[in-house]
Protein chains: 2
Amino acid sequence: MSISISENERRAWDRRTPYYLRVRDHLAGLIEAGTLAVDSRLPAERDLSEAFQITRVTAHQALIQLEMEGLIYRLNRRGWFVSPPRLRYNPSVNVSFTRNVTASGRMPGTAVLGRREVASTPWLREKLGAGHDDTIYLVERVRLIDDRPVLVEHIHLNAKYCPGLLTLPLEVSLTDILEQHFGIQLRRASVQLHPTALTAAQAEALGVSAGLPGLKISRAASDQNGNIIEFDQEYWRHDALEVHVDVAVDALPRHVGSGDD
Amino acid sequence: MSISISENERRAWDRRTPYYLRVRDHLAGLIEAGTLAVDSRLPAERDLSEAFQITRVTAHQALIQLEMEGLIYRLNRRGWFVSPPRLRYNPSVNVSFTRNVTASGRMPGTAVLGRREVASTPWLREKLGAGHDDTIYLVERVRLIDDRPVLVEHIHLNAKYCPGLLTLPLEVSLTDILEQHFGIQLRRASVQLHPTALTAAQAEALGVSAGLPGLKISRAASDQNGNIIEFDQEYWRHDALEVHVDVAVDALPRHVGSGDD
DNA sequence: GAGTGGTCTAGACCACTTC
DNA sequence: AAGTGGTCTAGACCACTCC
């Protein structure tokens with residue numbers, strides 16, 4: 001793999017620009033120009049360090065930077081690759097991951113990691129609005145786009161509303177299962193999200209190394225009767241999605257002149 | 001600063017646990033236990049490397065890890081500090097940053113970086129639903145919580161609906177200004193967000209180093225007449241907020257048995 | 001077996017902050 | 001002047017993947 005640095009780039013680099021940012025800029029340029037296609041491999045760290053006359057540590061730092069920006073991803077000890085575009089995700093429309101991915105012209109996948117009954121905790125009972133004696137199901141799955149794992153999810157369900165669910169095939173639509181077997185239609189959801197770092201367990205499920213940036217999305221969904229059916233915790237690759245949501249701004253009483261925005 | 005590693009910790013560490021994760025675990029424990037209070041400084045990198053018998057590079061890597069998890073933040077060449085809790089932010093309720101921060105028992109702040117008319121671009125006209133001849137205002141501000149910058153925002157407004165806005169004091173509530181001076185009530189918003197890395201300019205405005213993780217939030221807000229008034233782009237510190245939103249799930253026609261969720 | 005990234009050492013100089 | 005993080009060098013060994 002040959003790497004060439006253009007004169008334009010050399011001129012753009014301030015003498016005080018850290019080397020790792022120069023490498024970053026060079027690679028970002030190749031990616032934006034399409035010279036490096038989606039999912040194609042970047043030059044090896046040792047090649048980059050030779051081309052830029054820097055050490056591998058510095059080349060590695062440049063790649064970390066690009067990873068944080070969501071431009072590239074890595075496959076453990078196989079190399080660095082150009083990230084595909086983000087999936088648009090609207091929690092009030094895209095109840096179905098699979099349908100959303102398909103509509104984007106890409107290939108969805110699901111792997112079930114586990115299914116079992118779990119002991120309820122005060123925290124879990126509060127999230128599900130469940131009683132002390134309610135049975136709680138837990139379904140753990142990984143979702144993929146074009147064979148690349150993008151999120152791991154832990155779905156807690158109140159067994160009261162879907163008895164026997166764990167015996168059904170869970171590689172398919174949970175929403176469909178709830179509707180067809182139990183007459184449940186999800187109507188409202190309370191969604192929370194924040195940036196985080198992936199733990200070792202989550203990273204392993206996604207086939208990446210621990211500590212990478214991620215986005216945690218929690219969602220409590222209730223049905224047409226106002227019962228909370230499921231509480232879902234999703235850990236997304238930070239570079240895999242773009243959240244869209246339309247909201248009505250509540251017309252709250254305002255203290256005129258309270259001096260803020 | 002003395003650093004001591006407990007026997008429990010030593011036992012918990014697998015022989016193959018990387019050193020930088022051991023340091024991470026140790027510090028995370030101190031933070032969660034409250035031994036290290038919010039906004040207090042961590043031991044210097046050189047002290048950590050001595051205490052753990054590792055090099056500074058490895059100690060630095062542990063701190064980077066904690067930063068990505070949102071547990072700590074850094075002040076340029078001054079040290080590493082324990083992060084305060086995240087601000088809860090609900091785009092359909094918290095139209096006011098200041099009011100939201102105040103309600104959380106913390107102190108909000110605003111600094112105006114710039115205010116000017118800007119040339120419209122096709123992209124901007126589309127976002128604002130504006131015509132070729134519409135004048136566009138740009139307001140750039142930094143918002144602070146307890147004197148710590150947490151976001152930088154670029155607000156584009158269609159001057160047609162708020163002529164002369166730039167001559168008003170902009171350190172206060174834009175929402176209030178729109179309502180009191182122009183009779184505008186924001187009623188709907190279209191919100192997009194995704195994890196990103198902060199650019200050099202954004203990082204400088206937030207007083208942090210470039211390339212740190214961040215969350216980009218874009219919002220187009222329209223008034224009681226359905227006119228798009230403003231298009232806002234916010235770049236948040238990734239550790240500063242937690243987004244909450246309640247959504248109604250659209251009852252879309254479903255293809256029964258289409259095999260997804 | 002060759003190639004790749006994962007991790008680490010033992011230093012170094014620099015820019016900036018604090019005193 | 002002393003202390004801090006920011007960046008970098010020139011190596012090294014390891015675990016894993018690919019062929």
Side-chain angles (χ1 to χ4, degrees), chain A residues 1 3 13-25 27 39-68 72-82 147 197-198 200 203-204 206-212, chain B residues 1 3 13-25 27 39-68 72-82 147 197-198 200 203-204 206-212:
Chain A
M1 175 80 199
I3 299 141
W13 290 329
D14 189 281
R15 234 165 312 169
R16 295 176 316 188
T17 301
Y19 289 161
Y20 81 93
L21 286 180
R22 303 184 193 191
V23 180
R24 185 227 89 97
D25 289 350
L27 294 173
D39 287 327
S40 66
R41 224 199 76 198
L42 272 63
E45 293 184 1
R46 286 172 177 82
D47 292 341
L48 286 172
S49 59
E50 189 180 349
F52 284 85
Q53 288 290 295
I54 54 176
T55 60
R56 237 192 85 207
V57 175
T58 306
H60 190 75
Q61 194 179 358
L63 295 165
I64 296 274
Q65 174 67 27
L66 286 163
E67 180 187 49
M68 290 208 302
I72 65 173
Y73 64 99
R74 45 178 143 178
L75 295 178
N76 204 342
R77 289 171 223 271
R78 269 190 285 171
W80 299 84
F81 301 82
V82 177
D147 294 323
L198 300 173
E204 191 188 346
L206 295 178
V208 301
S209 42
L212 291 186
Chain B
M1 174 81 200
I3 299 140
W13 290 329
D14 189 280
R15 234 165 313 169
R16 295 177 316 189
T17 301
Y19 290 162
Y20 80 93
L21 286 181
R22 302 186 193 190
V23 181
R24 185 229 88 96
D25 289 350
L27 294 173
D39 287 327
S40 65
R41 222 199 77 198
L42 272 64
E45 293 184 2
R46 286 172 178 81
D47 292 340
L48 286 172
S49 59
E50 189 181 350
F52 283 86
Q53 288 292 295
I54 55 177
T55 59
R56 238 191 85 207
V57 175
T58 306
H60 190 75
Q61 194 180 358
L63 295 165
I64 295 275
Q65 173 67 27
L66 286 163
E67 179 187 49
M68 291 209 302
I72 65 174
Y73 65 98
R74 45 178 145 178
L75 295 178
N76 202 343
R77 289 170 223 271
R78 269 190 283 170
W80 299 85
F81 300 83
V82 177
D147 293 323
L198 299 173
E204 192 188 344
L206 294 178
V208 300
S209 42
L212 291 186

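Here is the naming used below: chain letters follow the sequence lines, and residue numbers restart at 1 for every chain.
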Which is it for A/R74 and A/I64 under the side-chain contact (heavy atoms from CB on, under 4.5 Å) test, yes or no, and what are the steps along the way? CA-CA 10 Å; A/R74 45 178 143 178; A/I64 296 274; 3.5 Å; yes
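- Separating the CD atom of B/E50 from the P atom of C/dA10 is a distance of 13 Å, rounded to the nearest angstrom.
- Among D/dC8, C/dA10, D/dA10, the nucleotide with an atom closest to any side-chain atom of A/V57 is D/dA10.
- If you take CD1 of B/I72 and C1' of D/dT4, they are 14 Å apart, rounded to a whole angstrom.
- Atoms CG (B/L75) and C1' (D/dG6) sit 15 Å apart, rounded to a whole Å.
- Atom OG1 of B/T55 is separated from atom OH of B/Y20 by 13.5 Å, given to the nearest 0.5 angstrom.
- Here B/I54 lies in heavy-atom contact (under 4.0 Å) with sugar-phosphate atoms only.
- Between the CG atom of B/L21 and the P atom of C/dG6 there is a distance of 13 Å, given to the nearest Å.
- Residues B/L66 and B/V23 form no side-chain contact, since every pair of their non-hydrogen atoms from C-beta on lies 4.5 Å or further apart.
- The nucleotide whose nearest atom lies closest to any side-chain atom of B/E45 is, among C/dT7, D/dG6, C/dG6, D/dG6.
- Side chain to side chain, B/W80 and B/E67 fail the donor-acceptor criterion of an N or O pair below 3.5 Å.
- Whole-Å rounding puts the B/I64 CD1 to C/dT7 C1' distance at 15 Å.
- Per the geometry, OH belonging to A/Y19 stands 15 Å off C1' belonging to D/dA10, to the nearest Å.
- Under the side-chain contact (heavy atoms from CB on, under 4.5 Å) criterion, B/R78 pairs with B/L75, not counting sequence neighbours.
- Nucleic acid contact for B/L63: none, since no nucleic acid atom lies under 4.0 Å from a heavy atom of the residue.
- Residue B/L48 contributes atom CG, which lies 8 Å from atom P of D/dG5 at whole-angstrom precision.
- Not a single donor-acceptor pair, N or O on each side, falls under 3.5 Å between the base of D/dG3 and the side chain of B/R46.
- The side chain of B/A44 lies closest to D/dG5 when the candidates are C/dT9, C/dT7, D/dG5.
- Using a 4.0 Å cut-off, some side-chain N or O of B/Y20 falls inside it from OP1 or OP2 of C/dT7.
- What separates CZ of A/R56 from C1' of C/dG3 is a distance of 11 Å, to the nearest Å.
- Across every non-hydrogen atom of B/Q65 and A/A197, the tightest pair is NE2-CB, 4.4 Å.
- Toward the 5' end of DNA chain D, the nearer of the two residues A/Q53 and B/H60, judged by each one's closest nucleotide, is B/H60.
- The shortest heavy-atom contact between B/L48 and B/I54 is O-CG1, 4.4 Å.
- Contact annotation: A/T58 side-chain N/O to D/dT7 OP1/OP2 distance is not under 4.0 Å.
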Sort me out a list of protein N/O and nucleotides 17-19 of chain D N/O pairs below 3.5 Å, or just none if empty.
unit_1	atom_1	unit_2	atom_2	d
D/dC18	OP1	A/R78	NE	3.3
D/dC18	OP1	A/R78	NH1	3.1

